[in-house]
Protein chains: 2
Amino acid sequence: MKTLTKRGRPRKFDEEQTLDLIMQVFWQHGYSATSLDQIAEATGLNRPSLYAAFGTKKDMFLKSIERFADRMEAHLRDAGSRATGVNARMKDIMAAAVDLYTGKSDLTGAAHGCLAISTLPSEALQDSDFQLALGNVLLRMDTGFARLILRESKGAVREAHAKEIAQHLALVLHGLSIRARAGENPEKLKRLSSSAVDRLISAQASALSDDDRHP
Amino acid sequence: MKTLTKRGRPRKFDEEQTLDLIMQVFWQHGYSATSLDQIAEATGLNRPSLYAAFGTKKDMFLKSIERFADRMEAHLRDAGSRATGVNARMKDIMAAAVDLYTGKSDLTGAAHGCLAISTLPSEALQDSDFQLALGNVLLRMDTGFARLILRESKGAVREAHAKEIAQHLALVLHGLSIRARAGENPEKLKRLSSSAVDRLISAQASALSDDDRHP
DNA sequence: TTCATTTTTTACCGTTTCGCACAAAAAGTT
DNA sequence: AACTTTTTGTGCGAAACGGTAAAAAATGAA
């Protein structure tokens, strides 16, 4: 049994929601352009407290990325669990992603694009940990989409084929993030994602989800 | 008539190829993580000379972006001028982009992705000039692709439709840049781009280029 | 040679950066 | 009340940052 009541001076901040604040600073300014003073001001803490709780600036950034990836996956998984059929599910997922990218989600209130796609690439070549983190985000997206396609097609689509479609969808999603970061209109991005899903999935319609659409 | 022979001490560097070197430093490290000392070392010049010739760090970066966009457009335009039919042309363009992104082009020797897509997004929210530059790059890509589709379809595709397809292709292209920056395999990326083009364009095959494929 | 002009070079300025001592403060424990 | 433990606040310090002033060097013109 560990101690239930801690010994020393109590913290005046919640670690989880402080990490949320840290994440938002990185989300807005990227890694290199973010200073610890900015983070200190945004969280109301001073640098030694931050360092004690989260480690170095790099540690904070990687923890923010992982946290973002978790939130993002939950957000999209939730959005993709209502409609029926790959096409409709993917449209919902893309629309939810655009909401998140353009600040209509609860994660942040501004049009920041995807934290990982917006901030990791510029750092990826000077620190292999960042490049690896970026690769992990991509892989997570690929496998998530591929699983959705495989599960929904009930064996009508081979695994290699599903992986390919999943990567096509991921390519489009990351392109959407770039455009959101450039300040493009949310509704326009949603229309764009919807038509892209139609083109990328409807070609496989006969093999995928005719059952769902003509029950 | 202006003076043909300049008056003062002659420069010991060529402005054009020096800007190429500057561009490569930004391409590798991004904007914020690049220091003027790094640029000075890469070019063999010292900071005052750089400042006199190219202005501030921000000026150098924006000039690098514009230069890259010009080079990129020429590179892709050239690649898309050999085959016949939208599908084949777009595949060639995508393959040429992957070559450029993975260091097989003459512009650089390493897998850096797209300079604009890799480095501008992380800075776009703190400086509206950077966000504007990003938007310009996207617009240039969109209109370039749309023009190719319109020209190749000979009136069989309405302009709004062509714009939409062009944006789909641009979304995919930017996704490819992210993946190149993450270090993914060039051949894998080319296969991915080829199948994506097939899916995005073959749906319009009857309206687009049946003539070209069944002459 | 002497002067005017332009570039290079050296050196510096004020700021900001990140990480970390060090001591004060706030709690539980004895 | 005295001690232990943990966090907070102040502040340092060595380095890096972007930008520029001032001097030295290299050319053409007079």
Side-chain angles (χ1 to χ4, degrees), chain A residues 1-19 21-23 25-26 28-65 119 122-123 125-127 129-130, chain B residues 1-19 21-26 28-65 119 122-123 126-127 129-130:
Chain A
M1 281 298 164
K2 299 292 166 57
T3 60
L4 289 177
T5 59
K6 296 161 198 165
R7 280 267 281 168
R9 177 173 176 169
R11 277 189 176 166
K12 67 169 198 179
F13 68 95
D14 176 60
E15 195 158 323
E16 296 292 310
Q17 66 192 39
T18 297
L19 190 51
L21 295 174
I22 295 175
M23 180 180 76
V25 179
F26 282 126
Q28 189 163 21
H29 302 102
Y31 176 74
S32 290
T34 293
S35 73
L36 292 184
D37 284 330
Q38 276 177 292
I39 296 181
E41 192 191 352
T43 59
L45 306 180
N46 27 31
R47 289 200 304 283
S49 295
L50 288 168
Y51 187 80
F54 305 103
T56 77
K57 181 185 172 185
K58 179 175 167 179
D59 293 330
M60 297 182 210
F61 183 59
L62 289 176
K63 283 177 183 170
S64 296
I65 293 287
T119 67
S122 70
E123 320 287 336
L125 292 189
Q126 41 186 330
D127 192 319
D129 289 332
F130 292 156
Chain B
M1 281 298 165
K2 298 293 167 56
T3 62
L4 289 175
T5 59
K6 296 162 200 163
R7 281 268 281 167
R9 177 172 178 171
R11 275 188 176 166
K12 66 170 201 180
F13 68 94
D14 176 62
E15 192 160 332
E16 296 292 311
Q17 66 193 37
T18 298
L19 191 50
L21 296 174
I22 295 175
M23 181 180 75
Q24 282 177 28
V25 180
F26 281 126
Q28 188 163 22
H29 301 103
Y31 176 74
S32 290
T34 293
S35 73
L36 292 184
D37 284 330
Q38 275 178 293
I39 296 180
E41 192 190 352
T43 59
L45 307 180
N46 28 33
R47 290 200 303 283
S49 296
L50 288 167
Y51 188 80
F54 306 102
T56 75
K57 180 184 174 186
K58 180 176 167 179
D59 293 331
M60 298 183 209
F61 183 59
L62 289 176
K63 284 176 183 171
S64 297
I65 294 286
T119 66
S122 70
E123 320 287 338
Q126 40 187 328
D127 192 319
D129 290 331
F130 292 156

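We name chains A, B, ... by the order of the sequence lines, and we start the count at 1 in each one. Predicted model only: the values in this text are computed from it and were never measured.
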Is there a donor on the side chain of A/Arg9 or the base of C/dG28 sitting less than 3.5 Å from an acceptor on the other?
no

Ignoring backbone atoms, test whether A/Lys12 places a side-chain nitrogen or oxygen under 4.0 Å from the OP1 or OP2 oxygen of D/dG9.
yes

Round to the nearest Å and state the distance from B/Phe54 atom CZ to D/dG18 atom P.
16 Å

Does any N or O in the side chain of B/Ser64 come within less than 3.5 Å of the main-chain N or O of B/Met60, such that one atom is a donor and the other an acceptor?
yes

B/Gln126 side chain to A/His29 backbone, donor-acceptor under 3.5 Å
yes

Let me know, please, whether B/Gly55 or B/Gly8 comes out on the 5' side of the other along DNA chain D by nearest nucleotide.
B/Gly55

Separation of C/dT16 atom P from A/Ile39 atom CD1, nearest Å, is 17 Å

Counting heavy atoms from C-beta on, name the nucleotide in D/dA29, C/dT10, D/dG19 closest to the side chain of B/Leu36.
D/dG19

Rounded interatomic separation in angstrom, taking CG from A/Leu50 and P from C/dC20
13 Å

Any idea which of C/dT10, C/dA27, D/dT8 is nearest the B/Asn46 side chain?
C/dT10

Would you confirm whether B/Gln28, through its side chain, and B/Val25, through its main-chain N or O, come within 3.5 Å as a donor-acceptor pair?
no

Specify the separation, in whole Å, of atom CG of B/Asp59 and atom P of D/dG19.
9 Å

Nearest to the B/Lys57 side chain among D/dG18, D/dT20, C/dA4, which nucleotide is it?
D/dG18

In whole angstrom, give the distance that lies between atom CZ of B/Arg47 and atom P of C/dA11.
13 Å

A/Asp127 side chain to A/Asp129 backbone, donor-acceptor under 3.5 Å
yes

Choose from C/dT8, C/dG28, C/dT5 the nucleotide whose nearest atom is closest to any side-chain atom of B/Ser49.
C/dT8

Indicate, with a heavy-atom threshold strictly under 4.0 Å, whether A/Ser32 touches base, sugar-phosphate, or nothing.
nothing

Minimum-distance nucleotide to A/Asp37 side chain [options: C/dG28, C/dT10, C/dT17]
C/dT17

Classify the angle between the aromatic ring planes of A/Tyr31 and A/Phe26 as parallel (below 30°), tilted (30 to 60°) or perpendicular (above 60°).
parallel

Touch class at under 4.0 angstrom, heavy-atom based, for A/Ser35 against every strand present
sugar-phosphate

Just how far, in rounded Å, is P of D/dG18 from CD1 of B/Ile22?
13 Å

Which nucleotide in D/dG11, D/dG19, C/dT7 has an atom nearest any side-chain atom of B/Arg11
C/dT7

Nearest-angstrom distance from the residue atom OH of B/Tyr51 to P of C/dT6:
18 Å

